[in-house]
Peer 1: 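Let me give you the structure first, and then I'll get to my questions.
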Amino acid sequence: MSRGGFACRIRSLAVDLFWHIYKKFAVAKAVNYNQALKSPRLWCGERNMSIPEFQEIIVPNDQTEARAEHLEKLRELVGNVYPNKFDRSTLSGGEDTITAIKNWEPVVAIETEMAAIKADLAPGERPPGEMKDAMNESLKALGTVRIAGRLTTTPRGNFVHLTDGISKLQIYCNKKGPLALIRNDAENMLDAENGWAMWQLVDHGDFIGAEGYLFVTNTGEVSVHVEKLQFLAKAMLPMPDKMHGIADPELQRRFRYADLIASTLQVEHDGLTTREVFERRAKLISGMRRFLDDDGFIEVETPMLTPKATGAAAKPFETHHNALDIPLYARVAPELYLKRLVVGGFEKVYELNRNFRNEGLSQRHNPEFTMLEFYVAYMDVNGMMDLAETMIKDAVVKANDGSLVVRYGENEIDFSTFRRISMLDAVMPSLVDAALEDERNSQLANDMPDGKEGLSFGIYNVRKGPNIVEVFEEKVESTLIQPTFIVNYPKSISPLSKASPENPNVAERFELFINGMEVANGFSELNDPKEQYERFVDQMSERERGDEEAMVLDEDYIRALSYGMPPAAGIGIGIDRLVMLLTNKHSIRDVILFPHMRPEKREGEKGSEGEAENGN
RNA sequence: GGGUCGAUAGCUCAGUCGGUAGAGCAGCGGACUCUUAAUCCGCGGGUCGCAGGUUCGAUCCCUGCUCGGCCUACCA
């Protein structure tokens, strides 16, 4: 087809030969996605010395070889195959992204008109030529458009779609007409001859830039008639399956970039695409920020590396600061820092950031998770529930296309009503049931070793907080589908909260449950330093008794409280879980872009036993 | 951690009651050049996750291992 073909063939033969030999002798077999993980390969020698070869990361196969060959040919044709930039036109007012073109008023007008014409046609019938010609005249008059994007289809024939990750726009190259290519050299020299040659070498997934004019095809789709092509970047690996996307959830999470590409390319899908999930997440978060900012809150960032892991009952990640030679802990909660700021005079303060807890992984737990925590001076727990309810509704409406109702699995969740039930009322039916069982009855009575004051009610006397909580968690929690604030918690499990004015044994604390999942909790903040100190001391003795999650005494926090903290209420909202509810996702890993995964293992690495006999 | 199910072509999957495997898409070659994931004809591509065992023979049966899904338990 072209000059230089011979040299090119020699080169590709040499490449072929190398890979052939490599495959035969180097045991390299794995390819992208699946194979990269599922068939362990021989790494060279000891683990700490091994620097993987490029071919071990992008393992050659017929797909990658074809693309590599195209890339070499493109290099001859266009020069630099990874140019630094491409300037898009600005016909639409701003930068002409594909989405901007698709939403540009004259384009929308033509598409609307064409849709109306097509509505009257039989399937397969084409719009009348004279209408099309009139449209084409007005489209061409709009001027020269320069767009860029990733090829979403195999370039077979003259048509291909480009995407900017959101929308798609079709482009058309005419073999018979003039088609130039823009070389990627310093002057961006025009090569009027070889546009079509370049067109033959682009692959599904490559990035290209195109310059031309808008027109309507015979089937009525607004497209770009390309006059000049510019190559922008190569996809060395094949694109994910366009029908199914990436099906394996592990691979979706591990190769999120490919999952996101797939969600743009994918033709059929149930529910939201991966991209839409994260767009919705972003809307929820920005909605909450806007709400709080508009309400006079100040956003702050407090330490993520802390000398003490406190503020929540949780096991921390531990690390070490070399210069100071001290242990540091990834924070389990920002709570105590934020309340120091309330002491310091921030009456409304929030932080939206990550917490880290060194505990199990599950559908609802990731080692790092995003929490929105905020505090309001002079407010109690009831005011906080009102505020939280208003804010969550506002954010849900913003993220959920204006609706307060979401479908979650089998359930329909309605955010328009938040019930409030005391823990005792919630637990009562279960306790009465339990009381009828003798075994259960005596067990409950015997399980109360120490003399903590209990709660007395009705037919039953429960002397220790955790028992109620246990029954609640076991029997009640999973039944709370619609948004429900559970209020009045036993004091013993809430070492940072104030007692209720009505009952000194009850903490002014709430937890918000939706779909059986704890989404938020908050309380009237304890601001008596002496009492706080005593609660910490209690926690410390729990700790000594083996409760690893009991809270650690924070002396500086006691000092801060001693400067005086106004009455205040605070709340922590689990953002990931809220996003799960709004996106109908049942695993937290589906709403975190890069959730924690086991590291990819390579054969030959230490850490897995049994490799001695596996040998090689 | 416990239970359970799974790993087959680059991708999505089928299949073999034990005789070394197929489809669609993707790739390559050719034809075509106004297509909406998928134009037509042809071709190449797999140590059926890894290691052992039973067997004349294992991708299939058994054991162990690795990795993962689901259910379950603890923290949000």
Side-chain angles (χ1 to χ4, degrees), chain A residues 27 29-41 59-67 69-70 126 132 152-161 168 170 172-176 196 199 203-205 215-221 223 225 237-251 253-254 258 262 265-268 312-315 332-333 355 357-371 473-474 511-513 517-521 548-549 572-578 586-588 597-598 600-601 603 607-616:
Chain A
V27 201
K29 240 226 94 245
V31 191
N32 53 21
Y33 309 149
N34 257 337
Q35 290 266 317
L37 300 174
K38 287 181 179 169
S39 69
R41 57 210 128 108
V59 178
N61 60 34
D62 61 334
Q63 320 277 311
T64 57
E65 284 173 27
R67 286 166 183 267
E69 222 173 287
H70 293 165
R126 285 179 171 163
K132 199 193 65 163
T152 68
T153 44
T154 323
R156 196 193 273 154
N158 301 357
F159 284 88
V160 94
H161 282 87
K168 292 179 191 174
Q170 181 167 261
Y172 168 70
C173 290
N174 188 357
K175 187 181 186 179
K176 291 161 192 158
W196 189 255
W199 185 248
D203 289 307
H204 183 199
F215 77 112
V216 165
T217 64
N218 285 343
T219 50
E221 179 169 346
S223 309
H225 187 119
L237 289 169
M239 294 296 103
D241 188 297
K242 155 170 58 173
M243 263 318 255
H244 310 91
I246 295 176
D248 185 333
E250 185 204 349
L251 302 178
R253 296 159 187 164
R254 224 180 254 289
L265 303 181
Q266 206 175 338
V267 178
E268 284 179 356
K315 286 179 242 166
V332 294
N355 291 336
R357 300 193 183 170
N358 202 346
E359 285 156 1
L361 286 77
S362 81
Q363 299 292 93
R364 297 174 179 190
H365 299 90
N366 194 58
E368 54 181 294
F369 62 100
T370 300
M371 182 115 114
E473 285 174 355
E474 191 183 321
E511 293 192 2
L512 171 62
F513 289 89
M517 194 157 62
E518 187 190 339
V519 172
N521 78 64
E548 284 182 72
E549 286 166 8
I573 299 175
I575 297 298
D576 309 291
R577 290 181 172 183
L578 202 48
H586 296 251
S587 171
I588 196 167
M597 309 285 288
R598 275 194 179 78
E600 293 180 48
K601 271 222 189 90
E603 195 170 319
S608 62
E609 47 273 85
E611 66 199 304
E613 60 262 34
N614 287 359
N616 39 23

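Just the heavy atoms: all of them, side chains too, but no hydrogens, waters or symmetry mates, feed the values below. Convention: sequence-line order gives letters A, B, ...; per-chain numbering from 1.
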Peer 1: What's A:A520 touching, base or sugar-phosphate or nothing? Going by heavy atoms closer than 4.0 Å.
Peer 2: nothing
Peer 1: To the nearest 0.5 Å, what is the distance between NE2 (A:H204) and CD (A:Q63)?
Peer 2: 12.0 Å
Peer 1: Starting from C1' on B:rC74, measure out to CZ on A:R357 and report it in whole angstrom.
Peer 2: 13 Å
Peer 1: How close or far is atom P of B:rC70 from atom CD of A:Q363, stated in whole angstroms?
Peer 2: 5 Å
Peer 1: Give the rounded distance in Å between these two atoms: NE2 of A:H204 and P of B:rU36.
Peer 2: 16 Å
Peer 1: Between the main-chain N or O of A:E221 and the side-chain N or O of A:S223, is there a donor-acceptor pair closer than 3.5 Å?
Peer 2: yes
Peer 1: Have a look at A:H586 and say if it touches a base, only the backbone sugar-phosphate, or nothing, with a 4.0 Å heavy-atom cut-off.
Peer 2: nothing
Peer 1: A:R253 has a side chain; which of B:rG69, B:rG68, B:rG10 sits nearest to it?
Peer 2: B:rG69
Peer 1: May I ask which nucleotide in the shown strands pairs with B:rG1, Watson-Crick or G-U wobble, both distances under 3.5 Å?
Peer 2: B:rU72
Peer 1: Looking only at side-chain N and O atoms, does A:K132 offer a donor or acceptor that is under 3.5 Å from a partner on A:N218?
Peer 2: yes
Peer 1: Considering only side-chain heavy atoms of A:H161, which listed nucleotide, B:rU36, B:rC34, B:rG10, is closest?
Peer 2: B:rU36
Peer 1: Nearest to the side chain of A:A66 - B:rG27, B:rU36, B:rU33?
Peer 2: B:rG27
Peer 1: Just name whichever nucleotide pairs with B:rU12, Watson-Crick or G-U, keeping both distances under 3.5 Å, else none.
Peer 2: B:rA23
Peer 1: Give, for atom CG of A:D576 and atom CD of A:E368, the distance between the pair rounded to the nearest 0.5 Å.
Peer 2: 9.5 Å
Peer 1: Compare all side-chain heavy atoms of A:V332 with those of A:N355 and state whether any distance is below 4.5 angstrom.
Peer 2: no
Peer 1: In whole angstrom, give the distance that lies between atom CD of A:E359 and atom C1' of B:rC74.
Peer 2: 8 Å
Peer 1: Round to the nearest Å and state the distance from A:Q63 atom CD to B:rU12 atom P.
Peer 2: 13 Å
Peer 1: Mind checking the P distance from B:rC61 to B:rG46? Whole angstroms is fine.
Peer 2: 24 Å
Peer 1: How is A:R67 classified with respect to the nucleic acid when contacts are heavy atoms under 4.0 Å: base, sugar-phosphate, or nothing?
Peer 2: nothing
Peer 1: The side chain of A:D62 lies closest to which of these nucleotides: B:rG44, B:rC34, B:rC70?
Peer 2: B:rG44
Peer 1: How many Å lie between CE on A:M239 and P on B:rA38, as a whole number?
Peer 2: 17 Å
Peer 1: Using the C1' atoms only, state how far B:rA38 lies from B:rA23, rounded to an integer number of Å.
Peer 2: 14 Å
Peer 1: Which nucleotide, if any, forms a Watson-Crick or G-U wobble pair with B:rC40, using both distances under 3.5 Å?
Peer 2: B:rG30
Peer 1: Using whole Å, report how far CD of A:E65 lies from P of B:rA26.
Peer 2: 19 Å
Peer 1: Roughly how many Å apart are B:rA14 and B:rG6, using the P atom of each and rounding to a whole number?
Peer 2: 12 Å
Peer 1: Side chain of A:S362: nearest nucleotide among B:rC74, B:rG68, B:rG10?
Peer 2: B:rC74
Peer 1: How far does the P atom of B:rU63 sit from the matching atom of B:rU54, given to the nearest Å?
Peer 2: 15 Å
Peer 1: Starting at the 5' end of RNA chain B, which residue's closest nucleotide do you reach first, A:N366 or A:N174?
Peer 2: A:N174
Peer 1: Using the P atoms only, state how far B:rC62 lies from B:rG44, rounded to an integer number of Å.
Peer 2: 36 Å
Peer 1: Return the orientation label for the A:H225 and A:Y172 ring planes: parallel under 30°, perpendicular over 60°, tilted otherwise.
Peer 2: perpendicular
Peer 1: If every non-hydrogen atom of A:R357 is compared with every non-hydrogen atom of A:A312, which pair is closest and at what distance?
Peer 2: NH2-CB, 3.4 Å
Peer 1: Rounding to an integer number of Å, can you tell me how far A:N218 CG sits from B:rU33 C1'?
Peer 2: 13 Å
Peer 1: Could you give the distance separating B:rC41 and B:rG49 at their P atoms, to the nearest angstrom?
Peer 2: 33 Å
Peer 1: Considering Watson-Crick and G-U wobble pairs with both distances under 3.5 Å, what does B:rG6 pair with?
Peer 2: B:rC67
Peer 1: Rounding to an integer number of angstrom, what distance separates B:rC60 and B:rU55 when you compare their P atoms?
Peer 2: 16 Å
Peer 1: Say we look at B:rG24 and B:rU33: how far apart would their P atoms be, to the nearest angstrom?
Peer 2: 25 Å
